[in-house]
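Order of listing sets the numbers, starting from 1, for every ligand and every atom in it. Quick note: numbers below take in every heavy atom, side chains included, and nothing from hydrogens, waters or symmetry partners.
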Amino acid sequence: MFARENIEYEPVDLPDRVSLTDEEMLIEAQAFYDKMKRRHTVRDYTDRPIAREVIEDCIRTAGTAPSGANHQPWHFVAVSDPAFKKRIRDAAEEEERRFYDGGAGDEWLKALEPIGTNDHKPHLEDAPWLIVVFAQKWGEFDDGARFKNYYVPESTGIACGFLLAALHHAGLVSLTHTPNPMKFLNEMLGRPASEKPIMIVAVGHPSEDAKVPAVAKIKKPLSEILTVAE
Ligand code: IYR
């Protein structure tokens with residue numbers, strides 16, 4: 001972590017070295033793909049509670065993500081309190097009404113049609129946990145002096161990816177929600193002006209009749225997303 005005292009380079013032996021055979025590597029790579037392709041973005045939740053420790057461990061995983069100069073420019077607020085969730089839902093739906101009433105523009109709204117989203121966001125109350133992810137635009141030392149953070153969108157994006165993978169690995173489903181604009185979350189959750197809310201991750205168990213949009217499951221083939229220079 002960035003601190004005034006920690007400015008010397010001190011190499012340590014690589015910990016946790018893994019040594020797989022070529023064959024084991026292929027098996028592991030395929031197994032992880034097989035696991036991750038079963039992650040679905042879900043909007044319909046049951047009220048089955050999830051222990052706080054599970055959420056904490058998933059956020060610990062997110063916190064292991066690489067980041068610019070290792071500044072770890074993120075903060076997570078985990079909300080299970082129903083009154084808080086309702087306030088977040090109400091504020092988000094107010095923003096979303098403007099968005100879906102035309103604020104988004106025709107092209108954006110057309111792009112969302114196959115996803116089936118609208119301004120109705122019951123999952124923000126139904127899901128047992130909401131994890132609000134904040135990106136720290138700058139950092140502050142204990143005396144309040146500011147320091148720069150680097151590659152903040154990239155770093156927080158990677159941390160969010162780790163978080164979604166961890167939640168999936170723990171047998172949970174999630175939804176990345178991005179109310180637009182999201183400034184209301186700073187005030188509501190008491191976060192400083194140095195932090196920018198980047199997404200709300202709803203977390204829980206899928207309801208019996210949970211649906212996902214068919215198009216969301218059509219992924220580009222490898223030939224389209226990969227070019228190899230060998
Ligand atoms: N924030 C809105 C709109 C939305 C935008 C995109 I891009 C999506 O992939 C899905 C939704 C909402 O949450 O409904």
Side-chain angles (χ1 to χ4, degrees), residues 36-47 55 58 62 74-80 82 84-135 137 152-168 172-189 191 195-207 209-221 224-225:
M36 289 308 292
K37 76 179 185 199
R38 290 174 160 72
R39 195 205 67 83
H40 311 290
T41 294
V42 170
R43 292 178 171 77
D44 312 300
Y45 292 87
T46 68
D47 58 5
I55 300 299
C58 293
W74 45 63
H75 188 86
F76 302 87
V77 180
V79 180
S80 67
F84 252 117
K85 287 192 295 179
K86 180 170 180 2
R87 287 176 63 202
I88 292 174
R89 175 186 175 179
D90 289 347
E93 285 186 333
E94 200 181 313
E95 305 277 6
E96 295 298 329
R97 271 192 291 278
R98 276 192 285 277
F99 178 91
Y100 285 97
D101 272 356
D106 289 347
E107 186 174 353
W108 197 346
L109 292 177
K110 197 105 200 101
L112 288 178
E113 262 173 38
I115 310 296
T117 53
N118 55 38
D119 59 4
H120 193 51
K121 305 290 179 197
H123 42 267
L124 293 177
E125 261 187 286
D126 297 344
W129 287 94
L130 302 179
I131 302 173
V132 187
V133 186
F134 288 86
K137 293 179 279 182
V152 172
E154 292 84 348
S155 303
T156 47
I158 296 169
C160 287
F162 275 34
L163 176 62
L164 297 183
L167 293 166
H168 175 57
L172 299 167
V173 295
S174 63
L175 167 79
T176 47
H177 175 71
T178 48
N180 184 6
M182 291 195 279
K183 206 70 204 143
F184 69 86
L185 288 164
N186 283 71
E187 202 186 313
M188 202 174 276
L189 300 172
R191 299 309 304 167
E195 295 185 357
K196 179 179 152 58
I198 55 169
M199 68 175 76
I200 301 172
V201 183
V203 181
H205 293 280
S207 63
D209 58 352
K211 302 271 187 289
V212 297
V215 289
K217 298 293 84 186
I218 305 170
K219 297 300 182 190
K220 291 182 180 176
E224 213 175 305
I225 63 169

List, one per line, each side-chain donor-acceptor pair under 3.5 Å for residues 111-124, sequence neighbours excluded.
from: E113; atom 1: OE1; to: K110; atom 2: NZ; distance (Å): 3.4
from: T117; atom 1: OG1; to: Y100; atom 2: OH; distance (Å): 2.8
from: N118; atom 1: OD1; to: H120; atom 2: N; distance (Å): 2.8
from: K121; atom 1: NZ; to: N118; atom 2: O; distance (Å): 2.9

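- Atom CZ of F76 is separated from atom CD1 of I55 by 12.0 Å, given to the nearest 0.5 angstrom.
- For the pair F184/E95, a side-chain contact is recorded, criterion being any heavy-atom separation below 4.5 Å from C-beta on.
- The protein heavy atom nearest to atom 2 (C) of ligand 1 is E96 OE1, 3.0 Å.
- Taking the side chain as every heavy atom from C-beta outward, V42 and L175 never approach each other to under 4.5 Å.
- In this structure, of N118, T117, I115, T178, the residue bringing a heavy atom nearest to atom 1 (N) of ligand 1 is T178.
- Annotation: side chain of C160 is not in contact with side chain of T176 (no heavy-atom distance under 4.5 Å).
- Scanning the protein heavy atoms around atom 4 (C) of ligand 1, the nearest turns out to be L112 CD1, 3.6 Å.
- When each atom of ligand 1 is checked for a heavy atom of H177 under 4.0 Å away, the hits are 13 (O).
- One distance of note links CG of L189 with CD of E195; it measures 10.5 Å at 0.5 Å rounding.
- Numbered from 1 in the order shown, with element, the atoms of ligand 1 that lie under 4.0 Å from a heavy atom of K121 read 12 (C), 13 (O), 14 (O).
- Atoms of ligand 1 found under 4.0 Å from any heavy atom of F99, numbered from 1 in the order shown, are 3 (C).
- Each of the atoms 5 (C), 7 (I) of ligand 1 lies under 4.0 Å from some heavy atom of W108.
- With a heavy-atom cut-off of 4.0 Å, D119 does not touch ligand 1 at all.
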